[in-house]
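Every value quoted in this text rests on a predicted model; they were computed, and no experiment measured them. Hydrogens, waters and symmetry mates are skipped; everything else that's a heavy atom, side chains included, is used. To find a chain, count down the sequence lines: A is the first, B the second, and so on, and within it residues start at 1.
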Number of protein chains: 2
Amino acid sequence: MTQNVYKSHDHHACIDSAVAEARRLCDEKGVRLTPVRQRVLELVWDNHKPVGAYDLLPKLAEEGFNSAPPTVYRALDFLLDLGLVHRINSLNAFIGCNHPGHSHPTCFFVCRECGMAQELDATPLNEIARQAEQQLGVRVEQQMTELMGLCPRCQKAS
Amino acid sequence: MTQNVYKSHDHHACIDSAVAEARRLCDEKGVRLTPVRQRVLELVWDNHKPVGAYDLLPKLAEEGFNSAPPTVYRALDFLLDLGLVHRINSLNAFIGCNHPGHSHPTCFFVCRECGMAQELDATPLNEIARQAEQQLGVRVEQQMTELMGLCPRCQKAS
DNA sequence: CATCAGAATGTAATATTATAACCTAAACTG
DNA sequence: CAGTTTAGGTTATAATATTACATTCTGATG
């Protein structure tokens, strides 16, 4: 399943593989991973904390990219559509997805102290969707779960 | 479990029981259900669609209440703390809770066409939280699931 | 009852997040 | 290479939320 962000790991490898995966996916779908889209993806992957759209703007500006809100929102929308990033609604922030390409129910744990996010296996959510469909007759198209609390590190620190 | 909002029902009774429940809870906790707080609660319950903070402002103004953003956000924060309303993060909107008073994992289905929200039994979420706690060592304090799709009515309409 | 403390509200300003609208440039397509 | 689609540039503004500080109300206590 998803990696454990609380274990130390070679984060450059995380970023590289995210970009490689993105490139593969874009080729497959015949869409373009333009420089600004790729750079936004890399910046989102910069660490395991969800990042706000407006945090990206100055970074893009530094590097000579255009940097008005529509630029970054367009790039993020593109990446969201492909499942390369997810939006954490409770934070108005974005985080890389480590198994993009197939739409899937989404589930994150976010630490209220350090802000790091850990993607979780969302399989049990399918049960909720299935029940809702059977009992209420709704049709579920998307789902997102957000857990909040303290990560192992921040528990120790307090 | 939770009521089915797609079945016709006496909605005045929904509102009345929400207010009665709020009053009981406030008495129990020794906090005050002031006029503006009660009115905000009623307005949130006005129908089964999540309502934005800024939608409430003109309604409060009409009725002679003060109506600046802090007024409505304070009232909503108060109601959120007591579990009388929930916030639907994907919509930046608020909806009444029909079993307030004990903190619980929250789960809503929201129709992308009509916007109505249906609270669901979130018990299966506990499984996700339990697994995250065991496998990752995190401590889960809050959780929220949002499902999106088409409600029975809007499926027929299309 | 007078006074005091804490809770609640009033008010103005501003911060943060996101989108609209319209134009220009680049890249595929036949 | 002409036409079309896709992407990006630019300006302005909409929508959501908070800060900071002044004022008023409420309930407790002497």
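Checking Gln38(A) against Arg23(A) by side-chain atom types alone, a donor-acceptor pair falls below 3.5 Å.
For the pair Leu57(B) CG and dT11(C) P, the computed distance is 14 Å after rounding to whole Å. Between Leu82(B) atom CG and dA7(C) atom P the separation is 15 Å, expressed in whole Å. When rounded to the nearest whole Å, the span between CG of Leu76(A) and C1' of dT19(C) equals 14 Å. Atom pair Leu60(A):CG and dG8(D):P shows a separation of 12 Å (rounding to whole Å applied). In this entry the distance linking CZ of Phe94(A) with P of dT17(C) reads 10 Å, nearest Å. Remark: P of dT19(C) and OH of Tyr54(A) are 10 Å apart, rounded to the nearest angstrom. When rounded to the nearest whole Å, the span between CZ of Arg37(A) and P of dG8(D) equals 5 Å. One atom, CG of Asp55(A), and another, C1' of dA15(C), lie 14 Å apart when rounded to the nearest Å.
Checking the phosphate oxygens (OP1, OP2) of dT17(C), no side-chain nitrogen or oxygen of Asn92(B) falls inside 4.0 Å. In terms of phosphate contacts, Asn66(A) brings a side-chain nitrogen or oxygen within less than 4.0 Å of OP1 or OP2 of dG9(D).
Although no hydrogens or angles enter the test, the distance criterion places a donor-acceptor pair under 3.5 Å between the side chain of Glu146(A) and the main chain of Ser90(A).
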Atom pairs and distances, side-chain donor-acceptor, residues 66-77 of chain A, under 3.5 Å, sequence neighbours left out:
unit_1   : atom_1 : unit_2   : atom_2 : d
Asn66(A) : ND2    : Thr71(A) : OG1    : 2.6
Ser67(A) : OG     : Leu57(A) : O      : 3.4

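Closest contact between the side chain of Thr34(B) and the listed nucleotides dT11(C), dT9(C), dT18(D) involves dT9(C).
Within the 4.0 angstrom heavy-atom criterion, only backbone atoms of the sugar-phosphate kind lie near Val36(A); the bases stay farther away.
Residues Leu41(B) and Arg37(B) fail the side-chain proximity criterion, which asks for heavy atoms closer than 4.5 Å. Annotation: side chain of Glu119(B) is not in contact with side chain of Ile95(B) (no heavy-atom distance under 4.5 Å). Annotation: side chain of Pro152(B) is in contact with side chain of Val138(A) (closest heavy-atom distance under 4.5 Å).
Proximity of the aromatic rings of Phe94(B) and His86(B) is defined here by a centroid distance below 6.0 angstrom, and this criterion is not met.
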Quick test: give all pairs of protein nitrogen or oxygen and nucleotides 19-28 of chain D nitrogen or oxygen below 3.5 Å, distance rounded to 0.1 Å.
unit_1  : atom_1 : unit_2   : atom_2 : d
dA20(D) : N6     : Arg74(B) : NH2    : 3.4

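Taking for each of Ala68(A) and Leu91(B) the nucleotide of DNA chain D with the nearest heavy atom, the 5'-most of the two is the partner of Ala68(A).
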